[in-house]
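Okay, so here's the structure we're looking at.
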There are 2 protein chains.
Amino acid sequence: MSLKNGVALVAQYPKMPITVDCVIFGFDDNELKVLLIRSDLEKYQGMWSLLGDIVNESEEIDAAAYRVLDQRTGMTDIYLDQVKAFSRPNRHPGGRVITIAYCSLLNIQHHSLKITDNELHWHSVSSITEMAFDHKEILETCHEWLQKMIQENPVGFNLLPDKFSLRELQNLYEAILGVDLDRRNFRKKFATMDLLIDLEEMEEDVPHRPGKLYKFNFEKYNKSSRKWVGIDF
Amino acid sequence: MSLKNGVALVAQYPKMPITVDCVIFGFDDNELKVLLIRSDLEKYQGMWSLLGDIVNESEEIDAAAYRVLDQRTGMTDIYLDQVKAFSRPNRHPGGRVITIAYCSLLNIQHHSLKITDNELHWHSVSSITEMAFDHKEILETCHEWLQKMIQENPVGFNLLPDKFSLRELQNLYEAILGVDLDRRNFRKKFATMDLLIDLEEMEEDVPHRPGKLYKFNFEKYNKSSRKWVGIDF
DNA sequence: TTTTGTTTGTGTAATATTTACATAATATAA
DNA sequence: TTATATTATGTAAATATTACACAAACAAAA
């Protein structure tokens with residue numbers, strides 16, 4: 001066996017399938033949602049699972065995750081991050097499969113539901129008790145990841161419609177973090193960060209005094225060298 | 001093909017080898033160090049690489065990382081975290097190999113060097129220009145991970161001897177973060193955190209006024225529900 | 001034994017950030 | 001017109017962060 005280029009070496013390695021699983025978060029009805037699909041394994045009949053797929057022979061894992069996302073939601077330019085690999089040897093009943101979990105945040109309004117079929121459904125994260133495979137664990141890990149992420153980076157905007165009120169923004173933070181936030185301090189925080197553009201429009205069809213609508217200042221965020229100061233209430 | 005338990009399904013998946021690579025950080029001589037081994041591939045002759053190994057058929061990836069660590073340093077109870085998977089299809093010249101990077105922090109004094117052979121060496125992180133495979137990229141990712149980690153959690157103690165002076169602790173932070181810190185503010189921060197136990201001993205053999213020696217208050221850290229307030233200078 | 005060089009140990013004032021908290025205004029629904 | 005719900009807004013207190021200087025301890029050299 002030659003180590004000249006490692007080919008012979010690699011040929012002897014044990015091999016196993018790798019998948020990616022996407023935890024696709026959305027926000028609707030003041031709740032954090034996750035997009036799930038019915039498991040196609042008899043063992044998990046009726047149970048819900050994350051959206052995943054096998055990683056192809058010459059495919060980067062990031063690319064595989066984007067592919068899953070595109071296949072399921074038709075969306076391409078969305079937030080996506082690698083979170084963690086899960087490797088329990090018997091996590092898949094069909095044999096050993098290592099999976100790499102990705103988190104994506106998407107605006108439920110934006111994606112024209114290919115998702116009318118009842119195999120795919122937005123679930124309220126807080127109401128999920130059981131999932132196929134080890135997907136509950138993966139979901140929990142990704143939820144914790146998101147809680148941390150949203151406090152350190154302005155990624156929450158990816159979950160909201162283009163126009164949103166401060167109340168909606170606060171609801172988003174409260175839903176993800178599972179805490180109540182002080183409204184005046186919350187608004188002050190965002191006001192000083194200069195990341196919101198006042199659209200000079202108001203909410204409509206609300207049964208109370210309507211709030212102003214804002215959009216996220218992407219320009220500002222991308223150009224600014226100024227660090228996101230974080231949400232820490 | 002039955003989906004009864006997914007066996008047939010999994011059997012058709014493309015398979016690939018998985019490795020773990022450990023970025024083993026140490027601290028010595030006021031520099032952040034990383035433990036590297038000479039590459040055994042001809043293509044990378046003379047170049048240095050991370051300490052890695054294949055993941056066995058039924059082995060958890062975490063277990064594989066601990067195994068690598070134990071094999072190379074003889075240490076078992078040390079800090080280790082999964083950082084990220086790297087998957088560029090041609091990252092290994094022998095064929096497709098996905099690797100999962102782990103970070104470990106270890107006290108160089110503690111491990112009785114099995115490492116006298118010249119295939120294994122502690123390198124100053126800042127002086128490394130080139131590495132085998134994509135290991136430079138992995139190292140950089142892990143260094144950034146460590147920079148973030150050490151500001152959010154008191155993990156730095158894993159890199160220091162049992163007894164250390166505040167100056168050594170500060171040197172550690174400065175070396176990892178690549179910044180200069182204000183001495184009085186640094187000391188004040190740690191004083192208020194109550195994580196250091198004054199050993200009532202002094203440094204010896206220093207050519208200047210000796211400093212007090214401290215040890216890390218593990219009790220305090222483990223029991224306390226109080227959050228680590230972070231280092232943010 | 002004195003002097004020099006180096007590093008330790010310590011406190012305060014100025015600034016910035018975080019927290020807690022209440023009232024008037026605007027819309028819809030009844 | 002009134003009741004209900006929610007928006008918009010500011011201030012004072014507490015806490016955290018930053019910038020900064022001098023005396024004391026030891027070793028080494030004179």
Side-chain angles (χ1 to χ4, degrees), chain A residues 29-30 150-154 160-161 163-175 177-215 224 226-233, chain B residues 29-31 150-154 160-161 163-175 177 179-215 224 226-233:
Chain A
D29 205 16
N30 287 339
I150 205 181
Q151 292 185 70
E152 297 175 348
N153 300 97
L160 290 175
K163 302 176 179 187
F164 52 87
S165 66
L166 279 171
R167 161 55 55 189
E168 287 174 292
L169 185 61
Q170 185 175 338
N171 284 343
L172 174 71
Y173 275 82
E174 291 181 333
L177 298 176
V179 295
D180 289 336
L181 302 175
D182 179 275
R183 192 148 56 94
R184 274 179 291 189
N185 293 337
F186 183 85
R187 299 162 86 89
K188 199 192 317 176
K189 190 103 184 189
F190 275 93
T192 61
M193 288 192 296
D194 203 19
L195 283 172
L196 298 181
I197 296 172
D198 185 340
L199 290 171
E200 317 269 352
E201 287 177 70
M202 305 302 268
E203 285 181 301
E204 281 171 22
D205 301 320
V206 288
H208 54 74
R209 175 174 174 180
K212 285 187 185 178
L213 293 177
Y214 296 85
K215 66 176 181 181
S224 168
R226 208 154 66 90
K227 242 182 60 183
W228 164 260
V229 294
I231 306 289
D232 184 26
F233 301 96
Chain B
D29 205 15
N30 287 340
E31 285 188 307
I150 205 179
Q151 291 184 72
E152 298 175 347
N153 301 97
L160 290 175
K163 303 175 179 188
F164 53 86
S165 66
L166 279 171
R167 161 56 54 190
E168 287 173 292
L169 186 60
Q170 184 175 340
N171 284 343
L172 174 70
Y173 276 82
E174 291 180 334
L177 299 175
V179 295
D180 287 338
L181 302 176
D182 180 273
R183 191 154 54 97
R184 273 180 291 189
N185 293 337
F186 183 86
R187 299 163 86 90
K188 200 191 316 176
K189 190 104 186 190
F190 275 92
T192 61
M193 288 191 297
D194 202 19
L195 284 172
L196 299 180
I197 296 173
D198 186 339
L199 290 169
E200 317 269 355
E201 288 177 67
M202 305 302 268
E203 285 180 303
E204 281 172 23
D205 301 320
V206 288
H208 53 75
R209 174 173 174 180
K212 286 187 185 177
L213 293 176
Y214 297 85
K215 66 176 180 181
S224 169
R226 209 154 67 89
K227 243 181 60 184
W228 165 261
V229 295
I231 306 290
D232 182 26
F233 301 94

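The analysis underlying the following values was restricted to heavy atoms, covering all of them including side chains, and did not include hydrogens, waters or symmetry mates. Proteins come first, then strands; the chains are lettered A, B, ... in the order of their sequence lines, and each starts at number 1.
Of all heavy-atom pairs between E203(B) and S165(B), the closest is OE2-OG, 3.5 Å. The minimum heavy-atom distance between P154(A) and L195(A), with the atom names listed, is CB-CD1, 4.2 Å.
Of the residues in residues 163-171 of chain B, those lying under 4.0 Å from DNA chain C by heavy-atom distance are R167(B).
Rounded to a whole Å, the CE atom of M193(A) is 12 Å from the P atom of dT17(C). Regarding R187(A), its CZ atom lies at a distance of 7 Å from the P atom of dT7(D), rounded to whole Å. Rounded to whole angstrom, the span from the NZ atom of K188(B) across to the C1' atom of dC20(D) amounts to 10 Å. Protein atom CZ of F190(A) is 16 Å distant from nucleotide atom P of dT9(D), rounded to whole Å. The distance from atom CG of N185(A) to atom C1' of dG10(D) is 11 Å, rounded to the nearest whole Å. The interatomic distance linking L181(A) (CG) with dC21(C) (P) rounds to 15 Å, in whole Å. Following rounding to the nearest Å, K212(A) (NZ) and dA8(D) (P) show an atom-to-atom distance of 7 Å. We find that CD of E203(B) is positioned 17 Å from P of dT6(C), with the value rounded to whole Å.
For R209(A), there are no side chain to side chain contact (heavy atoms under 4.5 Å, CB included) partners two or more places apart in sequence or in a different chain. Considering only residues two or more places apart in sequence or on other chains, Q170(B) meets the side chain to side chain contact (heavy atoms under 4.5 Å, CB included) condition with R167(B), E174(B), L181(B), R183(B), F186(B). In terms of the salt bridge (charged side-chain N to carboxylate O under 4.0 Å, His left out) criterion, D180(A) has no residue partners (sequence neighbours excluded). In this structure R187(B) satisfies the side chain to side chain donor-acceptor pair (under 3.5 Å) test with no other residue, sequence neighbours excluded. Residues passing the salt bridge (charged side-chain N to carboxylate O under 4.0 Å, His left out) test with K163(B) are E201(B), sequence neighbours excluded. Contacts of F164(A) classified as ring-ring contact (aromatic ring centres under 6.0 Å, His included), with partners at least two apart in sequence or in another chain: F157(A). For I197(A), the side chain to side chain contact (heavy atoms under 4.5 Å, CB included) test picks out K215(A), N217(A), with sequence neighbours left out. For D198(A), the side chain to side chain contact (heavy atoms under 4.5 Å, CB included) criterion is met by E200(A), K212(A), Y214(A), not counting sequence neighbours.
A donor-acceptor contact shorter than 3.5 Å links the side chain of D182(A) to the backbone of R184(A).
Of the side-chain N and O atoms in K189(A), one or more sit less than 4.0 angstrom from OP1 or OP2 of dT18(C).
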Open item on the list: Please encode protein proximity along nucleotides 22-30 of chain C as a string of B, S and -, counting only heavy-atom distances under 4.0 Å.
Closed with: B--BBBS--
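Rounded to 10°, the angle separating the first-five-pair axis and the last-five-pair axis of the helix from dT1(C)-dA30(D) to dA30(C)-dT1(D) equals 10°.
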